[in-house]
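Beneath this line is the structure, given in structure tokens, with notes to follow.
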Amino acid sequence: MEPAADMILSLVSSCVYSLRVELTFAAVLGALWAVGRKTGLAGAKTQLASTRKRPPSSGAPAGRAKPGDRSGRASDAAAATLPGGVGGVDPKLLRDPRWLVPQVTRLCRAEARTALELYRAAHRAGVDLASAERDECEYMFLSMVTATIRTGQLDEAMVLLQELRRHGPGISSALLGSTTKLCTSKQLYAECLAIFDFAAEDKELKIADRSVWSCLLFCAIETKELERCKLFWRRLESCGAPSCKDYGNMIRYASAAGDWKLSLELVQQMRQSDTEIDSVSYNTCVATCVAADRVDEARTLLDEMAECGGVSDAITYNTLSKGYAKAGRLEQCFELFELMTQRRVEPTQVTYGILLDCCINENQVARAAEVFEQMKANGCVMNTVLYTTLIKGFARDGHVDKAMEVYELMRSERTIPPDLITFSILIKANCDSGRLGAALRLKEAMLGLGLKADEVIFNNILGGCAKEADAYLAKCTYKEMVDSGVRPSNATFSILIRLYAQCKLLDEAVDMLRTEPAAQRVAPEPRLYSQLAHCCLRERRGKQATEVYLMMLEHGPLTASAHGGMLGMCVKLNMLDTAAEILSMAAEAGGRVDQADADQVLKAARKKRKGQCEETIASAMRALGLRPSPA
DNA sequence: GTAGGGTTAG
């Protein structure tokens, strides 16, 4: 192991050296750019950029609300002004829909606020819209609603829709179409869904416009209202063939829902309907399979992509490689690397990152060194992730000093800064090797770089405290964590239980588990109670173990395996009275206990000739619907 | 809109 570690370290140093040239180059370029900007060369560029600047609705379906081009914009603006303001309008005019409706409609284009004011004034004056031309009236509402959405007054828009339903002609599918598209293009996704929900209360409303369903699907994905996607998709399909973008959005849904089968079906459907499949959709599908541990399906997909030609890219290979890495299939990671090289797909930093990490996770340090060398030979430059992966490799191998050397290298270079994950690994490595002081200094250095400690950083330090049985430092750290607004998790509580057990402060562990999850608004996982109960039993604190068992019951009945674990531990430690008590409580609470686990307890009690205990166990078993085996 | 590195658990 030692030579491999040295080799990697020397490789890193030389890599940094070769990087210097690139960095100098980058710095020169940057300076040139800055000069160019000053001399006005960038002026043209800025202009170019601003023309390109559009609402970022890349995945959003096309289509926008049409303003209804009835007359020129300039003449509208001229006609739109009211000489005496809204207050100066003759109430008789206000009550006349033939005057009011065109006025409001026109005002909407240039002076939305005045339009709304005028409409409200007419409303107060008692205008009766029922006598207005239906189309004109509908169009007025459309103009007002879209104007309020455009100016970000969504509450006003909702009020208008309510009035439209109550006093006007009702919400038409055309109006819904315009608002849906407008909201989507303005990235008002939740609002879009809310308006749809309001409109859909009218069961007569028919929506045949496919792009409405496209927008709704997109909004549901963006707002993570995943349960709505399938319905929108069905409606979309019923309005005709979904577009490439629609499929892309549905594939995003399948990914978010972890539905790899659906993801594959969608790709299949796209092929059958001759819909173009872009690489992002393909890659998302590959990633969905990988996330669901269906690596072989992902591989099939890559092969199909390679056959079509042009769609597979480095991301496809990297995603699949990650899948192999996750499954511990290192050889296939390397095969895939070979394959992409053969197919002239250029490996990226991510490619090497995945390969390196997989070697490290499979404890193949020498192999990692080879990858590193190849990476350098191919001119791949280091970045924070690659450095961090190396640090992880050294830390994993027990070479904390070497990990720290890489860190010092990063610090002295100043161009590739360590981040939260780098520090997290370093802090844990130091904690694990009993260097709590060094870990705390790293945390200070981290804060000095402007990074804010997150949950994992705090958990790692708490883990260090547990190892050193330093309850005082742990309490300070936990307080700092909560005070700085970092919410603890089940992992945190689990570490705290370990800490208190290590310090033989079980009472404090019980107290902590009783109060902290609720205080921090975290739902405690059942296994926290199991963990603590086990700690109590290990210390032969039967009374306390049953107390924890009762706390556990407050959160619902226990699984048979949770019971099995506790009962097994009792038998192992010869705490049969505690086992009997747990069985009785389980019977009372109507929990599940396996026959074998209960039998084991009964047998142990007989062996020890504990008559009273035996009886308690047997009757608890009968209450649990189990058969005590004959003596 | 898609890809890599971090914490718990007997």
Side-chain angles (χ1 to χ4, degrees), chain A residues 56-60 218 221-222 244-245 247-253 255-256 263 278-288 290-291 298 311-323 325-326 333 340 347-358 360-361 380 382-393 395-396 418-429 431-432 453-464 466 481 486 488-499 501 525-535 537-538 565-566 568-569 572:
Chain A
S57 55
S58 45
F218 181 71
I221 293 166
E222 287 294 312
C244 164
K245 288 242 183 298
Y247 273 113
N249 285 328
M250 200 53 187
I251 287 173
R252 273 180 75 198
Y253 158 75
S255 169
S263 179
D278 62 12
S279 53
V280 175
S281 289
Y282 255 132
N283 288 342
T284 306
C285 185
V286 172
T288 307
V290 163
V311 263
S312 61
D313 54 15
I315 295 181
T316 324
Y317 287 90
N318 293 345
T319 309
L320 182 56
S321 180
K322 174 70 195 169
K326 209 161 59 130
C333 286
M340 74 188 283
T348 66
Q349 289 176 320
V350 178
T351 314
Y352 290 109
I354 295 168
L355 214 48
L356 269 177
D357 193 55
C358 189
I360 289 162
N361 289 336
C380 178
M382 291 299 284
N383 63 16
T384 301
V385 175
L386 286 167
Y387 268 126
T388 304
T389 308
L390 274 179
I391 290 176
K392 173 181 151 179
R396 187 66 74 85
D419 66 8
L420 267 185
I421 300 183
T422 319
F423 280 107
S424 160
I425 292 169
L426 286 166
I427 288 172
K428 181 165 159 45
C431 284
D432 286 349
D454 71 355
E455 192 212 327
V456 180
I457 298 282
F458 281 116
N459 286 352
N460 286 340
I461 291 174
L462 288 172
M481 180 180 187
V486 175
S489 73
N490 278 280
T492 316
F493 299 136
S494 175
I495 298 164
L496 285 177
I497 291 169
R498 182 152 50 84
L499 167 98
E525 288 174 12
R527 62 180 169 182
L528 288 179
Y529 298 95
S530 296
Q531 185 192 347
L532 182 51
H534 276 92
C535 291
L537 290 172
R538 228 172 292 130
M566 286 187 74
M569 180 74 96
K572 207 164 107 189

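Order of the sequence lines fixes the chain letters, A, B, ..., with proteins taken first and strands second; residue numbering starts at 1 for each chain.
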Kindly point out which of [options] is positioned nearest to the side chain of [X]?
X        : options              : answer
A/Asn283 : B/dG5, B/dG4, B/dT2  : B/dT2
A/Ile425 : B/dT8, B/dG5, B/dA3  : B/dG5
A/Val385 : B/dT2, B/dG4, B/dA3  : B/dG4
A/Asp278 : B/dT7, B/dG1, B/dG4  : B/dG1
A/Lys392 : B/dG6, B/dG4, B/dA3  : B/dG6
A/Leu386 : B/dG4, B/dT8, B/dG6  : B/dG4
A/Glu455 : B/dT7, B/dG4, B/dG10 : B/dT7
A/Ile457 : B/dG4, B/dG6, B/dG1  : B/dG6
A/Asn459 : B/dA3, B/dG5, B/dT7  : B/dT7

Distance-only donor-acceptor test, [X] side-chain atoms vs [N] base atoms, 3.5 Å:
X        : N     : answer
A/Asp419 : B/dG5 : yes
A/Ser424 : B/dG6 : yes
A/Thr351 : B/dG4 : no

Judged by modelled atom types alone, do [X] and [Y] share a side-chain donor-acceptor pair under 3.5 Å?
X        : Y        : answer
A/Thr316 : A/Asp313 : yes
A/Ser281 : A/Thr284 : no
A/Asp357 : A/Thr389 : no
A/Lys326 : A/Asn361 : no

Is the phosphate of B/dG5 approached by A/Lys322 (side-chain N or O, under 4.0 Å from OP1 or OP2)?
yes

Check this one for me: any side-chain N or O of A/Lys428 less than 4.0 Å away from OP1 or OP2 of B/dT8?
yes

Quick check: closest heavy atoms across A/Cys285 and A/Ile251, and the distance to 0.1 Å?
N-CG2, 4.2 Å

Could you state the atom-to-atom distance from CG of A/Leu420 to C1' of B/dG5 in whole Å?
12 Å

Nearest-Å distance, CG (A/Leu320) to P (B/dT2)?
19 Å

